[in-house]
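See structure below.
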Amino acid sequence: MDLAKEKYGDILVVEKKREEHHLPDLKNVRGKVVMRLAPSPSGPLHLGHSRMLILNDEYVKRYGGDLILRIEDTNPNNIYPQAYEMIQEDVRWLDVNFTKFIIQSERMEIYYGRAKELIEMGKAYICKCKVEDFKKDLIASRACPHRDLPTNLMLEQFEEIVNGEDRDISPVLVIKTDLHHPNPAVRDWIAFRVIETPHPHTGRKYRFYPLMNFSVAIDDHELRLTHVIRGMDHLNNTERQRYIFKYFRWEVPEYFHYGLINIGDAILSTTTMRKGIEAGEFVGWDDVRLATLLALRRRGYQKETFRKYWIDSGLNDVNSDFSWEIFNSMNRQFIDHGADRYFFIHNPVLVKIEGSPESIGKIPLYPNEPDRGFRQYSVESDQEFYLQKLDIKDLKKGETLRLKDLYNIQFNGEQWEYAGNDTSIRRKIIHWVKKDSPEFEVIKPDGTKDHGFIEERGVHTRGILQFERYSFVNKISDSYALYLHK
RNA sequence: GCUCCAGUAGUGUAGCCAGGCCAAGCAUAAGAGGCUCUCAAUCUCUCGACUCGGGUUCAAAUCCCGACUGGAGCACCA
């Protein structure tokens, strides 16, 4: 044994390391890395965001360097003002350490400066075409009438737009790429458009806002990003952004696009969530039906679960489905040991056990560790209990069950009778609560409620616990808990 | 329709770049059993996959081509 260890120790270590470092190495790492998290402040973060948070954080932790949290708020029509704060809290909760915090709306002058440079270089133009005409031209690989106007005129127009002097049609600034590019999505693309909506941060100071492809390209350079990892939905955007890097002769970050993960059975659209909350359909951003980090956290999902799940999913370039099954299983690993056991009877039926003696039920808080203590109840003779309808329906005459850690009962066709305390025979074990136990509710992820009774000793507990034979829950108050998972 | 990306068990992944050690590893689910006075935890076993067809090669999950299938994008969201 020892000999084997001595001889093959190195190999064993290598194997182990491979398991831990599930994520592949990044390409072209020279010293430290600079990476970024770039959410838009349309609402708090959700399950989908947690992936890019964790992945970026993992790499910065592996190589060392900076992780920049950059709020992409260049569309005032899509900003939820509280999100600036909420996002930072979400990120911190996941133990993602960002080292810099940047808000794009504070960087407008930088974008304007770069835009003017591009105009001067002949790589951008002000376009006043109607939307439909512009599209038609692009599809036909045809230059629009504004594309080759003199530089001076363009610069003048740019100033006019920025200063709000130009109110005729809604002009845009367009980046020249290649009108004959085989991919129509990459042909001349729009970098700025006019939005008159006041911005929560800058008010009416600006009206000509950059689109994501422009501000992202500029900032990725200005902040000296070395690696950008993001979803494959950005493949075309990367192509567009490369033009900016090319025109300025900037060094291009290493891009990596991972496959999209389809999270079914979850509400992720911030617009849908916000509307639902405003309409009173959801109680808030932490409504159990939403897949926000806030909601999942409140239900009892652990930050470690998010990290483990996303590391395990890796950077596969294949699109796939999110697996609640696996996610829940991982979460169970983190919570099981800390979760005391209690009885909750839902869909209750009151039954009297005829001929039952006075006894004491002593049930462990956590069966694998008796040291943690017990919940103890004394029951009367002919005691009445709440049992789950599901457990006692469809029973044949003469069948026996065992009330867990108490005694056996037998169905005689009409009523229930005491059936001794013999545990040598295996029979179905069910849980129970005494009559007069407190009422209790569990709110399930679909928003419906399971109503019933909780055992008395469980009433004042809080946090994650397991209702035996029911599920794990996060107990919020004396009267209700949120359903977590089996 | 056009551009691009990809196809490993029910699900999530490892392996592919540098072909052989892959009669394909792990997790989860399912089935059986052990332990247990929970349907949890824990332990053992079982089940189950390289999309298809060609090609290159002594050798293909891995390289090339095609088909099929799935996905992303297609312009003033990010």
Side-chain angles (χ1 to χ4, degrees), chain A residues 15 18-19 22 24 27 38-42 71-75 77-78 104 127 129 131 134-135 137-139 170-175 181-195 209-216 230-240 257-262 270-271 308-309 311-330 332-333 335-337 339 341-343 361-364 366-369 390-391 402-408 421 423 426-431 466-472 485-486:
Chain A
E15 284 296 321
R18 246 185 65 197
E19 294 257 332
H22 202 277
K27 284 180 186 162
S40 72
S42 52
I71 306 285
E72 310 218 321
D73 59 343
T74 56
N75 178 5
N77 287 327
N78 189 28
Q104 285 194 320
C127 173
C129 290
V131 179
F134 186 73
K135 285 186 189 178
D137 282 345
L138 277 191
I139 289 164
S170 194
V172 291
L173 181 77
V174 182
I175 303 297
H181 195 287
N183 186 350
V186 179
R187 295 175 196 160
D188 286 21
W189 50 269
I190 295 170
F192 282 81
R193 81 305 207 189
V194 172
I195 298 180
Y209 287 95
L211 277 125
M212 174 264 204
N213 276 306
F214 189 81
S215 50
V216 162
R230 54 180 172 183
M232 306 214 335
D233 51 332
H234 285 294
L235 238 26
N236 284 337
N237 290 326
T238 299
E239 282 314 300
R240 291 172 177 164
H257 301 91
Y258 49 72
L260 262 26
I261 293 194
N262 170 37
T270 37
T271 319
K308 187 173 164 67
Y309 186 86
I311 290 174
D312 192 63
S313 293
L315 289 171
N316 206 330
D317 44 14
V318 182
N319 299 345
S320 57
D321 293 325
F322 182 81
S323 171
W324 285 103
E325 204 172 78
I326 291 172
F327 192 67
N328 288 343
S329 164
M330 289 177 175
R332 194 156 45 230
Q333 286 171 21
I335 61 168
D336 181 82
H337 187 262
R341 269 55 172 167
Y342 289 98
F343 289 164
K362 193 179 169 193
I363 318 140
Y366 187 77
N368 300 342
E369 291 175 18
L390 204 66
D391 287 330
R402 178 162 180 85
L403 300 185
K404 189 172 187 289
D405 294 301
L406 189 63
Y407 49 56
N408 306 325
N421 200 10
T423 54
R426 268 210 114 117
R427 30 171 85 78
K428 189 178 175 187
I429 296 159
I430 65 171
H431 60 296
Q466 190 208 46
F467 285 148
E468 293 192 49
R469 308 207 308 133
Y470 179 79
S471 95
F472 289 93
H485 51 66
K486 278 275 182 200

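Order of the sequence lines sets the chain letters (A, B, ...), proteins ahead of strands, with each chain counted from 1.
No contact: A:His337 has no heavy atom under 4.0 Å from any strand. Within the nucleic acid shown, A:Glu72 comes within 4.0 Å of sugar-phosphate atoms alone, with no base atom in reach, counting heavy atoms only.
Open room surrounds NZ on A:Lys27; 12 or fewer heavy atoms of other groups in view lie less than 6.0 Å from it.
Atom C1' of B:A9 sits at a distance of 36 Å from the matching atom of B:G1, rounded to the whole Å. For the C1' atoms, the distance linking B:U11 with B:C64 amounts to 32 Å, nearest Å. Atom P of B:C17 sits at a distance of 5 Å from the matching atom of B:C63, rounded to the whole Å.
A donor-acceptor pair under 3.5 Å is absent between the side-chain atoms of A:Arg469 and the main chain of A:Phe467, judged by distance alone.
In terms of polar N and O atoms assigned as donor or acceptor, the side chain of A:Glu239 never comes within less than 3.5 Å of the base of B:G73 in a complementary pairing. Contact of A:Arg426 with B:U36 (side chain to base): a donor-acceptor pair of N or O atoms is detected under 3.5 Å. Donor-acceptor pairing under 3.5 Å, judged by distance alone, is present between the side chain of A:Arg341 and the base of B:A40.
Between A:Glu468 and A:Ser329, the residue anchored closer to the 5' end of RNA chain B is A:Ser329, taking for each the nucleotide with the nearest heavy atom. The residue among A:Tyr366 and A:Asn421 whose nearest nucleotide of RNA chain B lies closer to the 5′ end is A:Asn421.
The pairing partner recorded for B:C17 is none, the criterion being a Watson-Crick or G-U wobble arrangement whose two distances lie under 3.5 angstrom. In this structure, B:U36 forms no base pair with any nucleotide, since neither Watson-Crick nor G-U wobble geometry is met with both distances under 3.5 Å. Across the strands present, B:U51 finds its partner in B:A67; the criterion is a Watson-Crick or G-U wobble pair with both atom distances under 3.5 angstrom. Across every strand in view, B:C26 sits in a pair with B:G12 that passes the Watson-Crick or G-U test at under 3.5 angstrom.
Between B:C74, B:G12, B:U38, one nucleotide has an atom nearer to the side chain of A:Lys404 than all others, and that is B:U38.
The ring of A:Phe327 has its center closer than 6.0 angstrom to the ring center of A:Tyr309.
Using a 4.0 Å cut-off between charged side-chain N and carboxylate O, A:Asp137 and A:Arg187 make no salt bridge.
Between A:Arg187 and B:C74, a side-chain N or O to OP1/OP2 separation shorter than 4.0 Å is absent.
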